[in-house]
A.B. asks: 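What follows is a single structure, and I will ask about it in a moment.
Just so we're clear, the structure is a prediction, and the values are computed from it rather than from any experiment.
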Amino acid sequence: MSDNRTGAQTRGRGRRAWSQVRDDVIGAAALLLADGGPAAVDFSSVSAASGVSRVTLRKHWDSPAALALDAYVASVGVDMPIRDTGDLRADLAAVMSAFVETMRDPRHRRAAAQLIGAAQLDPAMAASFSDHYFGPRRHRLVALLRLGRMRGQLRDDVEPEIVIDLLWGAMYQRILLPHLVGTLDEAAARALLDITLHGAAPTRPAVPTSTEEGQPS
């Protein structure tokens, strides 16, 4: 396909706003990503599928990997149901359930694993992952956990970042490690949450027990 078109020009008459052009590009890249993984998202294929020139694609994305990441984020959504209802366990359970549901789709699961792997070798993609995907989600979860800690639902010495690492690290392990792929489900998420919050719960005074009736142990 020739590159002598501008990215905002339609196949017919007139020009489109960049937001419309970008939607076409992201939509085309998302389909390629779902069908063939990050390797399928190259500028030539996206240009052919979207009708947007390779010159324009290179102008707005540093690499096909960066475009693949944008397509992935658009597919799974940046927003998560992170809401403070006052019940920290229920609030975390809702977020984890939404994550599990997203990763139930093998295309999303495969794309996530492949993109995370690619980000290890692509600094620009790693930065984009942090800025547009992991970073915003982690920031909101930290804020939620801090509120729970202020209400006494976590011990004062519990770091929210560590709680996130325990929960999401374990869930991503079930996405990334070949022998665990497909084992992330609601039951596993509930067990992770129960164990993590139990370990992070405020310390309660021990209840005395007795070895003989009326005698403290």
A.B. asks: Does the salt bridge (Lys or Arg N to Asp or Glu O under 4.0 Å) test come out yes or no for Glu159 and Arg146, once each step is laid out?
C.D. replies: CA-CA 8 Å; Glu159 290 295 332; Arg146 284 177 177 165; 6.0 Å; no
A.B. asks: Rounded at 0.5 Å granularity, tell me how far NE2 in His108 sits from OG1 in Thr102.
C.D. replies: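 The distance works out to 7.0 Å.
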A.B. asks: Please indicate whether Asp87 has more than 12 foreign heavy atoms, meaning atoms of other residues, nucleotides or ligands, lying under 6.0 Å from its CG.
C.D. replies: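 It does: Asp87 CG has more than 12 such atoms within range.
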A.B. asks: On the 0 to 90° scale, with breaks at 30° and 60°, tag the Trp18-His60 ring pair as parallel, tilted or perpendicular.
C.D. replies: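 If you compare the ring of Trp18 with that of His60, the planes turn out parallel.
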A.B. asks: Measuring from atom CZ of Phe43 to atom OG of Ser53, what distance do you get when rounded to the nearest 0.5 angstrom?
C.D. replies: 11.0 Å
A.B. asks: I need the minimum non-hydrogen distance between Leu115 and Ala68, along with the two atoms involved.
C.D. replies: CD2-CB, 4.0 Å
A.B. asks: Can you find a pair of side-chain heavy atoms, one from Asp42 and one from Leu67, that are under 4.5 Å apart?
C.D. replies: no
A.B. asks: Run the side-chain contact (heavy atoms from CB on, under 4.5 Å) test on Leu154 and Leu197 for me, step by step, so that the C-alpha distance in whole Å, both residues' side-chain angles and the decisive distance to 0.1 Å come before the verdict.
C.D. replies: CA-CA 8 Å; Leu154 299 174; Leu197 290 186; 4.0 Å; yes
A.B. asks: Is it true that, when you exclude Arg104 itself, more than 12 heavy atoms of the residues, nucleotides or ligands shown sit nearer than 6.0 Å to its CZ?
C.D. replies: yes
A.B. asks: Just to verify, which of Leu184, Leu167, Asp91 counts as forming a side chain to side chain contact (heavy atoms under 4.5 Å, CB included) with Met96?
C.D. replies: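 Exactly one pass, corresponding to Leu167.
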A.B. asks: Is Ile164 reachable from Phe99 through a run of I, L, V, M, F, W or Y residues, each pair having side-chain heavy atoms under 4.5 Å apart?
C.D. replies: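 Same cluster.
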A.B. asks: Ala201 and Arg155: which non-hydrogen atoms are nearest, and at how many Å?
C.D. replies: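 The answer is O-CG, 3.0 Å.
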A.B. asks: Return the minimal non-hydrogen interatomic distance between Ile82 and Arg137, and the atom names on each side.
C.D. replies: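 Minimum heavy-atom contact is CD1-O, 4.0 Å.
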A.B. asks: Quick one: pull up CG in Asp157 and CD1 in Ile162 and give me the separation to the nearest 0.5 Å.
C.D. replies: 11.5 Å
A.B. asks: Could you go through Asp24 and Arg16, starting from their C-alpha distance and side-chain angles, then the distance that decides it, and tell me whether this counts as salt bridge (Lys or Arg N to Asp or Glu O under 4.0 Å)?
C.D. replies: CA-CA 11 Å; Asp24 284 351; Arg16 296 175 293 167; 2.3 Å; yes
A.B. asks: Are there over 12 heavy-atom neighbours, none belonging to Asp131, within less than 6.0 Å of that residue's CG?
C.D. replies: yes
A.B. asks: For Leu177, which fellow cluster members are found when Ile, Leu, Val, Met, Phe, Trp and Tyr are connected by side-chain heavy-atom distances below 4.5 angstrom, either directly or through intermediates?
C.D. replies: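 So far as hydrophobic clustering goes, Leu177 is joined with Leu180.
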A.B. asks: Who pairs with Ala188 by side chain to side chain contact (heavy atoms under 4.5 Å, CB included), at least two apart in sequence or on another chain?
C.D. replies: Arg174, Asp185
A.B. asks: Taking atom CZ of Phe129 and atom OH of Tyr72, what is their separation to the nearest 0.5 Å?
C.D. replies: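 So the CZ of Phe129 and the OH of Tyr72 are separated by 6.5 Å.
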A.B. asks: Main chain of Val46, side chain of Ser50: is a donor-acceptor contact present, judged purely on distance under 3.5 Å?
C.D. replies: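 It does hold such a pair.
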A.B. asks: Over all heavy atoms of both residues, which pair between Pro202 and Gln153 is shortest? Give the atoms and the distance, please.
C.D. replies: CD-O, 3.7 Å
A.B. asks: By the definition side chain to side chain contact (heavy atoms under 4.5 Å, CB included), identify the one residue from Leu141, Leu193, Val100 that meets it with Val95.
C.D. replies: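 Of the listed options, the one satisfying the test is Leu141.
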A.B. asks: Among Val41, Val25, Thr56, whose side chain to side chain contact (heavy atoms under 4.5 Å, CB included) with Trp61 holds?
C.D. replies: Val25
A.B. asks: Do Leu31 and Leu33 belong to the same hydrophobic cluster, where Ile, Leu, Val, Met, Phe, Trp and Tyr are linked whenever their side-chain heavy atoms lie under 4.5 Å apart, directly or via other members?
C.D. replies: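 Leu31 does not cluster with Leu33.
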A.B. asks: For a quick test of reading the model, state the closest non-hydrogen atom pair linking Ala94 to Pro81 and the distance between them.
C.D. replies: O-CG, 3.8 Å
A.B. asks: Are Ser47 and Ser44 close enough that a side-chain donor and a side-chain acceptor fall under 3.5 Å?
C.D. replies: no
A.B. asks: Decide yes or no for Leu145 and Leu92: does some side-chain heavy atom of the first lie under 4.5 Å from some side-chain heavy atom of the second?
C.D. replies: yes
A.B. asks: Is Asp165 salt-bridged to Arg138, going by a charged N under 4.0 Å from an acidic O?
C.D. replies: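 Looking at Arg138 together with Asp165, the answer is yes, because their closest N to O distance falls below 4.0 Å.
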A.B. asks: Let's go through Arg190 and Glu186 carefully: what are the C-alpha distance in whole Å and the side-chain angles of both, what is the deciding distance for side-chain contact (heavy atoms from CB on, under 4.5 Å) to 0.1 Å, and is it a yes or a no?
C.D. replies: CA-CA 6 Å; Arg190 284 195 302 271; Glu186 292 284 351; 3.6 Å; yes
A.B. asks: Taking all atoms of both residues into account, what is the closest heavy-atom pair of Arg149 and Pro160, and its distance?
C.D. replies: NH1-CD, 3.5 Å
A.B. asks: Suppose we screen for side-chain hydrogen bond (donor to acceptor under 3.5 Å, both in side chains). Which residues come up paired with Asp84, at least two apart in sequence or across chains?
C.D. replies: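 Counting only residues at least two positions away or on another chain, Asp84 forms a side-chain hydrogen bond (donor to acceptor under 3.5 Å, both in side chains) with Arg151.
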